[in-house]
Amino acid sequence: MELSQVVRDAQRRADNLTGATEARNNPRNVARRIEDLEKSHRATARQLNGYSFTRYGYTETHEPATGDRAERLRIELADLDQQLTHWRKVLADLTTDGTKMYGPDDISVGDFVYRSSRMRVLRVNKKSVTVEYGPLTSTVKYHDIRAHRRAGDAENEATIETRPDPKDT
């Protein structure tokens, strides 16, 4: 193999690694990862502590885990706690670098948000906003919002400024 081919291959591998790292640390992806880890943490804690639920008038009860299974669940919870701590720190670092992550305090009914197109907010929820999407409504999670404009801003009537999405380039 020629030296120039080796150099091109090394550059291609370095470019691939850079792209993978950027995608892994994209704020939207990190927020989704945290959401998934929190969901896993809640499910594991329920298995460890026991739970019950009622459906169609029938109550199903699951007893707390015991023995080896309880120990495995405790280890899994500790691992999930460690991962959550890490990814929350990564997200905090990304937001201090100027990346805006929206939440219910940032958006009001009537405002405009941008995910894949500009949409008017109809309702603000704890984890998402309900938006007008043509004749239909849709739900957009806060970490999927790429831009936001207040209702009544003159520039809302024509355009909305967007953050570039690294996934789109």
Side-chain angles (χ1 to χ4, degrees), residues 17-60 62 73 76-169:
L17 184 59
T18 301
T21 301
E22 287 174 1
R24 181 176 170 85
N25 291 330
N26 177 314
R28 293 168 56 194
N29 293 343
V30 172
R32 276 190 216 103
R33 188 174 297 118
I34 290 170
E35 186 178 25
D36 290 345
L37 287 169
E38 288 171 340
K39 185 196 275 186
S40 295
H41 190 279
R42 287 190 303 272
T44 304
R46 274 194 308 272
Q47 290 178 29
L48 181 64
N49 301 323
Y51 63 98
S52 64
F53 64 92
T54 303
R55 190 180 342 191
Y56 307 117
Y58 172 75
T59 301
E60 186 173 321
H62 296 265
L73 290 172
E76 187 175 338
L77 274 177
D79 181 52
L80 288 168
D81 283 334
Q82 190 175 33
Q83 289 182 55
L84 279 166
T85 301
H86 168 75
W87 287 112
R88 285 178 179 145
K89 181 183 181 317
V90 168
L91 186 60
D93 291 346
L94 289 171
T95 55
T96 58
D97 291 346
T99 301
K100 175 69 176 159
M101 296 300 291
Y102 298 99
D105 297 334
D106 301 318
I107 299 173
S108 301
V109 172
D111 290 357
F112 291 91
V113 296
Y114 183 90
R115 176 182 57 186
S116 56
S117 63
R118 186 180 84 148
M119 298 173 268
R120 182 181 299 275
V121 176
L122 300 175
R123 181 176 169 189
V124 177
N125 306 306
K126 182 179 176 184
K127 296 182 178 183
S128 63
V129 292
T130 303
V131 295
E132 189 174 36
Y133 191 69
L136 306 172
T137 60
S138 182
T139 303
V140 179
K141 292 186 178 185
Y142 287 112
H143 54 68
D144 286 332
I145 296 174
R146 292 169 36 188
H148 166 252
R149 286 284 181 253
R150 293 259 172 231
D153 287 350
E155 45 193 83
N156 275 341
E157 302 310 317
T159 63
I160 187 169
E161 190 177 305
T162 63
R163 285 190 314 223
D165 187 359
K167 189 172 77 175
D168 295 341
T169 56

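Scope of the values below: all heavy atoms of this structure, side chains included, with no hydrogens, waters or symmetry mates.
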Value for CG (N26) from CZ (R33), rounded to nearest 0.5 Å, stands at 9.5 Å
Output the distance between atom NE2 (H148) and atom OH (Y114), rounded to the nearest 0.5 Å.
-> 15.5 Å
From Y133 atom OH to L122 atom CG, the distance as rounded to the nearest 0.5 Å = 14.0 Å
Between CG of L136 and CE of M119, what distance do you get to the nearest 0.5 Å?
-> 12.0 Å
Charged N to carboxylate O under 4.0 angstrom, R32 versus D36?
-> no
Exactly one candidate in T139, V140, D111 meets side chain to side chain contact (heavy atoms under 4.5 Å, CB included) with V131; the answer is V140
Does any non-hydrogen side-chain atom of R42 lie less than 4.5 Å from one of R46?
-> yes
Below 4.5 Å, heavy atoms only, C-beta onward: do V124 and Y142 meet side chain to side chain?
-> yes
Would you say Q82 has more than 12 foreign heavy atoms packed within less than 6.0 Å of its CD?
-> no
Atom pair CZ (F53) and OG1 (T59), whose distance is rounded to the nearest 0.5 Å = 9.0 Å
Minimal heavy-atom distance between L37 and Q83, with the atoms involved, is CD2-OE1, 3.3 Å
T44 (side chain) donor-acceptor with H41 (main chain) under 3.5 angstrom = no
Within-4.5 Å side-chain heavy-atom neighbours: R146 and R28 = yes
Closest heavy-atom contact between L84 and I34?
-> CD2-O, 3.8 Å
Min side-chain heavy-atom separation M101-H143 under 4.5 Å = yes
Side-chain (D106) to main-chain (G103) donor-acceptor, under 3.5 angstrom | yes
Salt bridge flag under 4.0 Å for residues E35 and K141 = yes
Side chain of R120, backbone of G110: donor and acceptor closer than 3.5 Å?
-> yes
